[in-house]
Number of protein chains: 2
Amino acid sequence: MARAATTSDPFNAVAEPRRRQILTFLAGDERQVSEIVVAIGLDQPSVSKHLGVLRRVGLVRVRRNGRHRLYRTNAEAIRPMHEWTATFERFWRHQLDRVKERAERAQAGIGGSGQR
Amino acid sequence: MARAATTSDPFNAVAEPRRRQILTFLAGDERQVSEIVVAIGLDQPSVSKHLGVLRRVGLVRVRRNGRHRLYRTNAEAIRPMHEWTATFERFWRHQLDRVKERAERAQAGIGGSGQR
DNA sequence: TTGACATATTCCTATATAGGAATGTAATGT
DNA sequence: ACATTACATTCCTATATAGGAATATGTCAA
C-alpha cells in the first residue's frame, strides 16, 4: 500500500511544510492567492494545489470576491491535532522532571545510574 | 518532486495513523515489540518498520533487554507539534466567539448577515 | 466580443512510501 | 553447535504525491 492521501485528514495535509507556512500566513486575515504566492515564494499553480488540499480537509475556507478568491485558515480544524499532542503533555513534563532529578543527584555527587 | 520522507520530521512521521496509535500505546510505559504487535494488530515486520521511522525522527527511544527491545515514546519530540498547533488557539477561540455572537443575534431575531 | 487578469486544473515524471513475503541477525537455553 | 525466540531488514509492487509546464475557467472592463 502507498502512503495515505494528503487529503485523508489534517495530519497528512500538514505534513507538507509549505502547507504549514500557508496556514500560518492565513491564520489572521483573509488573503487572495496572489498574496500567498508572494509570501510563500512558490509559483501560482503550486499554491493553488496546496490550497486545494487544505480546502478538502477543511483547514482553509474560501470566499469569492470578484476575480479574487479570499482564503483564510479554519483554525477549528487544527484543534484535533492540538488535542492529540496535548495527551502527551504530562509525559514530557515527567521526562523533564526526571532530567532535573538526575541533574540534582549529579550535583550532590551521588553519581549516575550509568544507563545508556 | 515527490512527497517528503516520513523520516524528515515528526509531522511527516505522525501522518500515518498506525504510528500515532503506536505513540499513544508507548506513551506511558516501555513495551516490547511483540506487545505492540498485539496491541496494534499489524504483523511484526510492519510494526518494526513503523518503529524504525519513529526512531529516526526521535519520537521513540529503544533500550535492549536480552532478546527484547523496549520501546517508549519520547514525548519531548511531540512538543514542537503541540506548540505549532497552539499558535492557532486564539484563532479558533475567536471563531467560536463569532459563532456564539451569531447565534445570539439569531436568538434576538436580528437576523444573519447572509454571508454564505 | 475581445482582452486582460486571477486562479484552477491537467499532464508529466521522479520519488517515497506501506504492507506482504521472505530472509537476516542477535541473544538464550541445552 | 543447534534450535528457538525476538526483531530488523530486504525485495517487490501499487499508489500518491510535489512541482514544473501548459492549458482551461471565470470575472470584469471597454
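Proteins get letters first, then strands, A, B, ... in listed order; numbering begins at 1 in each.
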(request) For B/Arg63 and C/dA26, give me the distance from atom CZ to atom C1', rounded to whole Å. (result) 17 Å

(request) For D/dC7, take OP1 and OP2 only and decide whether either is under 4.0 Å from a side-chain N or O of B/His68. (result) yes

(request) Check every strand shown and say whether B/Ser48 touches a base, only sugar-phosphate, or nothing at a heavy-atom separation below 4.0 Å. (result) base

(message) Using a 4.0 Å heavy-atom cut-off to protein, can you give one letter per nucleotide of nucleotides 25-30 of chain D, 5' to 3': B if the base is in contact, S if only the sugar-phosphate is, - if neither?
(response) -SBS--

(request) Round to a whole Å and report the spacing from CZ of A/Arg56 to C1' of D/dT17. (result) 12 Å

(message) Minimum heavy-atom separation for A/Phe88 and B/Ala75, please, with both atom names.
(response) O-CB, 3.8 Å

(request) Output every pair passing ring-ring contact (aromatic ring centres under 6.0 Å, His included) with a member in residues 14-36 of chain B, not counting sequence neighbours, ordered by first then second residue. (result) none

(request) Please identify each residue that fulfils side-chain hydrogen bond (donor to acceptor under 3.5 Å, both in side chains) with B/Thr85, with sequence neighbours left out. (result) A/His82

(request) With sequence neighbours excluded, tell me which residues meet side-chain hydrogen bond (donor to acceptor under 3.5 Å, both in side chains) with A/Asn74. (result) B/Gln95

(request) Just jot down the side chain to side chain contact (heavy atoms under 4.5 Å, CB included) partners of A/Ala4, sequence neighbours excluded, or say none. (result) A/Ser8, A/Asn12

(request) Starting at atom CG of B/Leu51, determine the distance to atom C1' of D/dC7, rounded to an integer number of angstrom. (result) 10 Å

(request) Indicate the atoms forming the closest heavy-atom contact of B/Met81 with B/Ala77, along with that distance. (result) CE-O, 4.4 Å

(request) Compare side-chain N and O positions of A/Tyr71 against OP1 and OP2 of C/dA8 and report whether any pair is under 4.0 Å apart. (result) yes

(message) Considering only residues two or more places apart or on different chains, which pairs with a residue in residues 19-29 of chain B satisfy side chain to side chain donor-acceptor pair (under 3.5 Å)?
(response) B/Arg19-B/His50

(request) Mind calculating the distance between CG (B/Asp9) and P (C/dA16) to the nearest angstrom? (result) 14 Å

(request) Please list, chain by chain and in numerical order, all residues satisfying side-chain hydrogen bond (donor to acceptor under 3.5 Å, both in side chains) with B/Gln32, sequence neighbours excluded. (result) B/Ser34, B/His68

(message) Tell me which residues in residues 20-29 of chain B lie within less than 4.0 Å of DNA chain C, going by non-hydrogen atoms.
(response) none

(message) The criterion is side-chain hydrogen bond (donor to acceptor under 3.5 Å, both in side chains); which residues satisfy it with B/Thr7, sequence neighbours excluded?
(response) none

N/O contacts under 3.5 Å, protein versus nucleotides 18-25 of chain C?
| unit_1 | atom_1 | unit_2 | atom_2 | d |
| --- | --- | --- | --- | --- |
| C/dA18 | OP1 | B/Arg19 | NH2 | 3.3 |
| C/dA18 | OP2 | B/Arg19 | NH1 | 3.3 |
| C/dA18 | O4' | A/Met1 | O | 2.5 |
| C/dA18 | N9 | A/Met1 | O | 3.2 |
| C/dA18 | N3 | A/Met1 | N | 3.0 |
| C/dA18 | N3 | A/Met1 | O | 2.2 |
| C/dG19 | OP2 | B/His50 | NE2 | 2.6 |
| C/dG19 | N7 | B/Lys49 | NZ | 3.1 |
| C/dG20 | OP2 | B/Asp43 | OD1 | 2.5 |
| C/dG20 | O6 | B/Lys49 | NZ | 2.6 |

Table please: side-chain donor-acceptor pairs of residues 51-61 of chain B below 3.5 Å, with sequence neighbours left out.
none

(message) Tell me the interatomic distance from B/Gln32, atom CD, to C/dA27, atom P, rounded to whole angstroms.
(response) 16 Å

(request) Keeping to residues at least two apart or across chains, list the salt bridge (Lys or Arg N to Asp or Glu O under 4.0 Å) pairs with something in residues 35-51 of chain B. (result) B/Arg31-B/Glu35

